[in-house]
Chemist: 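Below: one structure in structure tokens.
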Amino acid sequence: MNSLLSIDDVSLALSLDYECVFFVDIESDNYAMFAFGGNHKDLELSETSNFWADSRVNLETIIYKDDREWFAQNIADKESLVASVQDGKVFRGKYRIMAGDKPVWYSMKVVLGHAEQRNYLIIGVTNIDTQERERLALEQKATKSELYGQIVMALAERYDALYMVDLDTNHYALYKSERVFCELSVALEGEDFFNQLKKDALNVIYKEDIPLIVNALDRRTLLKELDDNGVFSLTYRLNTPKGPLYVNMVAVYADKKHVVISVTNIDAQVRREQKIREEVSAAYEKARRDDLTGIKNKTAYGEFESKLNQQIQSGESVKFAIALCDVNGLKTVNDTLGHIAGDEYIRSASRLVCQTFAHSPVFRIGGDEFVAILRGSDFENREKLEKEFTEAIEKNADKHKVVVACGISVFDKEHDKDVSSVFERADALMYKNKVRMKNGHDEIIGTIIQSIGAKVTN
């Protein structure tokens, strides 16, 4: 290659602090490279010294993977690169070369030169890794600071108190204190935020929440949370003259040397949410209560049965028995004395079942049917309770009170696949007791009707 170029052309290309310079003959594609050190000494050069062929080889071997597309479109493409330097234009670009396992930043400057009626590309390459990394770090820091600034500004429109804490000195200032802190004894400025916080907490934080605040706003704990997540939020209660007041605290970095902590009154919001939860819970509970007796209803029994079935199917060790109770003579009472008397008859039956199986959930699953799921001490004492229930029924019959037939069946994990199997056995046992109690049934029910009728009339 003829390297007789004009002084102006060469001086233009070499005006940079370069690591290497290329001179490319546009017509023949031959080139000469002057490498003065650095990573360009590792470039693969073909025997033909074809610049574009060698560029494509180096594209796959030493150009950083994220920059290969840019390099292919702007440098390894002859037409694109030549076009970019026409009419006195200068092409500039940045890319990375792999130095071992680390990408290193370089800048490239390309101009068009002329010598002996031939056109040449003059390409100067400079290592800019240190400058580029510093620039990217500053750019990232500026972006982060801008983000924190936006967060602080957003908080500023809704806070009741705003602290600025200097992390180098621990000095702090309370820039605004309205509504929340106006009646509390809180220092507006101080030299040691984290220690002062512990002192203030004893006076202004609701006693049950003091350990929560002291632990959360320990310096190391707070800064680790901010480093990990960028923001820290906590809801707690202040101890005001009018009682506990819910507030929300949000902490963010203003920059690496300052933390902004805002406190906002959210008492009305929290109490509104609590009321909604209570109303929903009350409605849920009401839907599962029997209006007449106040005990759990058929819907509640269905849910309880489903949970037991899930435990059985998952192989959990469950122990329970089912007591199925049926009120005798309810239809006769309703037909003879009316439904008011019948309702009182049902309530009496409910009280008897609940008193007997006092440690077990009891459900009214039909007009005259009750189910008790015996667990815990009631399960362990089931035989004793069944005997007591039978004795109570016999006494009721003698005293002209409500009569209830009952059958109790125990879950057998070897044979029972679900609750319904236990229920069916309890139903069969209850029916046998009901048949046994039929002797003298009409006379007993007649006497009971007279007794209930007298109560209703009075």
Chemist: Is there any ring pair (Phe, Tyr, Trp, His ring centres under 6.0 Å) pair reaching into residues 265-297, and which pairs are they, with sequence neighbours excluded?
Modeler: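 Non-adjacent pairs meeting ring pair (Phe, Tyr, Trp, His ring centres under 6.0 Å): zero.
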Chemist: Show your reasoning for whether side chain to side chain contact (heavy atoms under 4.5 Å, CB included) applies to K94 and W70.
Modeler: CA-CA 9 Å; K94 292 184 293 187; W70 176 88; over 6 Å; no
Chemist: More than 12 non-hydrogen atoms from neighbouring residues, nucleotides or ligands closer than 6.0 Å to CD on E380, yes or no?
Modeler: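 Atom CD in E380 is packed in, count exceeds 12.
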Chemist: Working to the nearest 0.5 Å, report the span between CG of L167 and CZ of F193.
Modeler: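 Reported value, rounded in 0.5 Å steps: 10.0 Å.
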Chemist: Do D218 and F194 have side chains that approach each other closer than 4.5 Å (heavy atoms only, starting at C-beta)?
Modeler: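 No - every pair of side-chain heavy atoms lies 4.5 Å or more apart.
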Chemist: So which atom in R237 and which in P244 form the shortest heavy-atom distance, rounded to 0.1 Å?
Modeler: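 Shortest heavy-atom contact: CD-CB, 4.1 Å.
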Chemist: For L81 versus F91, what's the shortest heavy-atom pair and its separation?
Modeler: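 So the two residues come closest at CD1-CD2, 4.1 Å.
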Chemist: Taking the side chain as C-beta and beyond, is there a heavy-atom pair between S233 and V250 under 4.5 Å?
Modeler: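 The answer is yes; the side chains approach within 4.5 Å.
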Chemist: What's the separation between atom CG in N203 and atom CD1 in I210, rounded to the nearest 0.5 Å?
Modeler: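 Those atoms lie 8.5 Å apart.
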Chemist: Looking at S281 and R277, would you say the former's side chain and the latter's main chain have a donor-acceptor pair under 3.5 Å?
Modeler: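 No; zero donor-acceptor contacts below 3.5 Å.
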Chemist: When you compare the side chain of I373 with that of L308, does any pair of heavy atoms fall below 4.5 Å?
Modeler: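 Counting from C-beta outward, L308 and I373 do come under 4.5 Å.
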Chemist: How far apart are the C-alpha atoms of R289 and K296, what are their side-chain angles, what is the distance that settles it, and do they pass the side chain to side chain contact (heavy atoms under 4.5 Å, CB included) test?
Modeler: CA-CA 4 Å; R289 288 282 172 184; K296 299 177 186 296; 4.0 Å; yes
Chemist: Under the side chain to side chain contact (heavy atoms under 4.5 Å, CB included) rule, what do V125 and Y95 come out as? Steps first, then yes or no, please.
Modeler: CA-CA 10 Å; V125 179; Y95 61 98; 3.5 Å; yes
Chemist: Could you check if a side-chain atom of K207 sits within less than 4.5 angstrom of a side-chain atom of N239, using non-hydrogen atoms only?
Modeler: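 A side-chain contact under 4.5 Å is absent here.
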Chemist: What I'd like to find out is whether the side chain of M108 reaches to under 4.5 Å of the side chain of N74, using heavy atoms alone.
Modeler: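 Contact flag for M108/N74 side chains = no.
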Chemist: Determine whether a donor-acceptor pair (N or O, by modelled atom type, separation under 3.5 Å) exists between the side chain of N381 and the backbone of K384.
Modeler: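 Flag not set: sc N381 to bb K384 has no pair under 3.5 Å.
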Chemist: Has the side chain of D378 got a donor or acceptor atom that lies under 3.5 Å from a matching backbone atom of L374?
Modeler: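 No, because the side chain of D378 does not come within donor-acceptor range (under 3.5 Å) of the backbone of L374.
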Chemist: Decide, yes or no, whether a salt bridge links D343 with R347 under the criterion of side-chain N to carboxylate O below 4.0 Å.
Modeler: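 Salt bridge flag = no for R347 with D343.
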Chemist: Using only atom types and a distance under 3.5 Å, with no angle test, would you say the side chain of N119 pairs donor to acceptor with the backbone of E27?
Modeler: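 A pair under 3.5 Å: no.
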Chemist: Quick check against the 3.5 Å criterion: does R92 have a side-chain atom that pairs as donor or acceptor with the backbone of S107?
Modeler: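 Pair absent, no side-chain N/O of R92 close to backbone of S107.
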Chemist: Just checking, any donor-acceptor pair under 3.5 angstrom between side chains of Y431 and D326?
Modeler: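 Looking only at side-chain atoms, D326 and Y431 do not form any donor-acceptor pair under 3.5 Å.
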Chemist: Around H171, counting heavy atoms of other residues, nucleotides and ligands shown, do more than 12 lie under 6.0 Å from its NE2?
Modeler: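 More than 12 within 6.0 Å, yes.
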Chemist: Can you name the one residue among D67, D66, D129 that meets side-chain hydrogen bond (donor to acceptor under 3.5 Å, both in side chains) with R96?
Modeler: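 Among the candidates, only D67 passes.
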Chemist: Within the side chain of N229, is there an N or O that forms a donor-acceptor pair under 3.5 Å with the backbone of V231?
Modeler: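 Flag not set: sc N229 to bb V231 has no pair under 3.5 Å.
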Chemist: Regarding D418 and S421, is there a side-chain donor-to-acceptor distance under 3.5 Å anywhere?
Modeler: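 Yes.
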Chemist: Tell me the closest heavy-atom pair linking L238 and Y236, and the distance in Å.
Modeler: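 Closest approach of L238 to Y236, heavy atoms only: CD2-CE1, 3.8 Å.
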Chemist: Which pair of non-hydrogen atoms, one from F51 and one from I123, has the smallest distance, and what is that distance?
Modeler: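 Nearest pair, atom of F51 first, then I123: CZ-CD1, 3.6 Å.
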Chemist: Side-chain contact test, heavy atoms from C-beta onward, threshold under 4.5 Å: evaluate it for D166 versus H258 and give yes or no.
Modeler: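 D166 vs H258: side chains touch.
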Chemist: Only one of F423, F304, F357, F411 clears ring-ring contact (aromatic ring centres under 6.0 Å, His included) with F320; which?
Modeler: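 Only one of F423, F304, F357, F411 forms a ring-ring contact (aromatic ring centres under 6.0 Å, His included) with F320, namely F411.
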Chemist: Within the structure provided, determine whether W105 and L136 are in side-chain contact (heavy-atom separation under 4.5 Å).
Modeler: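 Sidechains of L136 and W105: in contact.
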Chemist: Taking N50 for the side chain and W52 for the main chain, is one N or O donor matched with an acceptor at less than 3.5 Å?
Modeler: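 Here the side-chain-to-backbone pair exists.
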Chemist: Is the NZ or CZ atom of R375 both under 6.0 Å from the centre of the six-membered ring of F379 and within 45° of that ring's axis?
Modeler: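 Judged by the rule (NZ or CZ under 6.0 Å from the ring centre, within 45° of its axis), R375 is not positioned above F379.
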Chemist: Less than 3.5 Å apart, any donor N or O on the side chain of E273 or Y246 sitting next to an acceptor on the other?
Modeler: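 Judged by distance alone, the side chains do not pair up.
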Chemist: What is the distance from atom CG of L59 to atom CZ of R68, rounded to the nearest 0.5 Å?
Modeler: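 It is 7.0 Å, given to the nearest 0.5 Å.
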Chemist: Look up atom NE2 in H114 and atom CD1 in I26, then write down how far apart they are to the nearest 0.5 Å.
Modeler: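 Interatomic distance, H114 NE2 to I26 CD1, rounded to 0.5 Å: 8.0 Å.
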Chemist: Between V110 and F22, is any pair of side-chain heavy atoms under 4.5 Å apart?
Modeler: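 No; the side chains remain at least 4.5 Å from each other.
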Chemist: Starting from the C-alpha separation in whole Å, work towards a yes-or-no answer on side chain to side chain contact (heavy atoms under 4.5 Å, CB included) for I312 and V318.
Modeler: CA-CA 7 Å; I312 293 170; V318 290; 3.9 Å; yes
Chemist: Return yes if some donor-acceptor pair links the side-chain N/O of Q86 with the main-chain N/O of V82 below 3.5 Å, else return no.
Modeler: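 Yes, Q86 side chain to V82 backbone: donor-acceptor pair under 3.5 Å.
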Chemist: For V410, is there any backbone N or O sitting under 3.5 Å from a side-chain donor or acceptor partner on R425?
Modeler: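 Yes: the side chain of R425 pairs with the backbone of V410.
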Chemist: How close do V260 and A254 get, counting heavy atoms only, and between which atoms?
Modeler: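 What the structure gives for the nearest pair is CG2-CB, 3.8 Å.
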Chemist: How about CD on E79, more than 12 heavy atoms from neighbouring residues, nucleotides or ligands closer than 6.0 Å, or not?
Modeler: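 At most 12 heavy atoms, drawn from other residues, nucleotides or ligands, come within 6.0 Å of this atom.
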Chemist: Closest heavy-atom contact between Q73 and S80?
Modeler: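 Reported closest heavy-atom pair: O-OG, 3.1 Å.
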Chemist: Taking atom types as modelled, find out whether T235 and N248 have a side-chain donor-acceptor pair closer than 3.5 angstrom.
Modeler: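 Yes - a donor-acceptor pair under 3.5 Å links their side chains.
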Chemist: Looking at CD of E424 and CD1 of I322, how far apart are the two atoms once the value is rounded to the nearest 0.5 Å?
Modeler: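 E424 atom CD to I322 atom CD1 measures 10.0 Å (nearest 0.5 Å).
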Chemist: So, does S350 use its side chain to make a donor-acceptor pair with the main chain of I346 at under 3.5 Å?
Modeler: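 No, the answer is negative, given that no donor and acceptor are paired below the 3.5 Å cut-off.
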Chemist: In Å and rounded to the nearest 0.5 Å, what is the CD1 to CD distance from I408 to E383?
Modeler: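 Spacing of CD1 (I408) from CD (E383) equals 9.0 Å.
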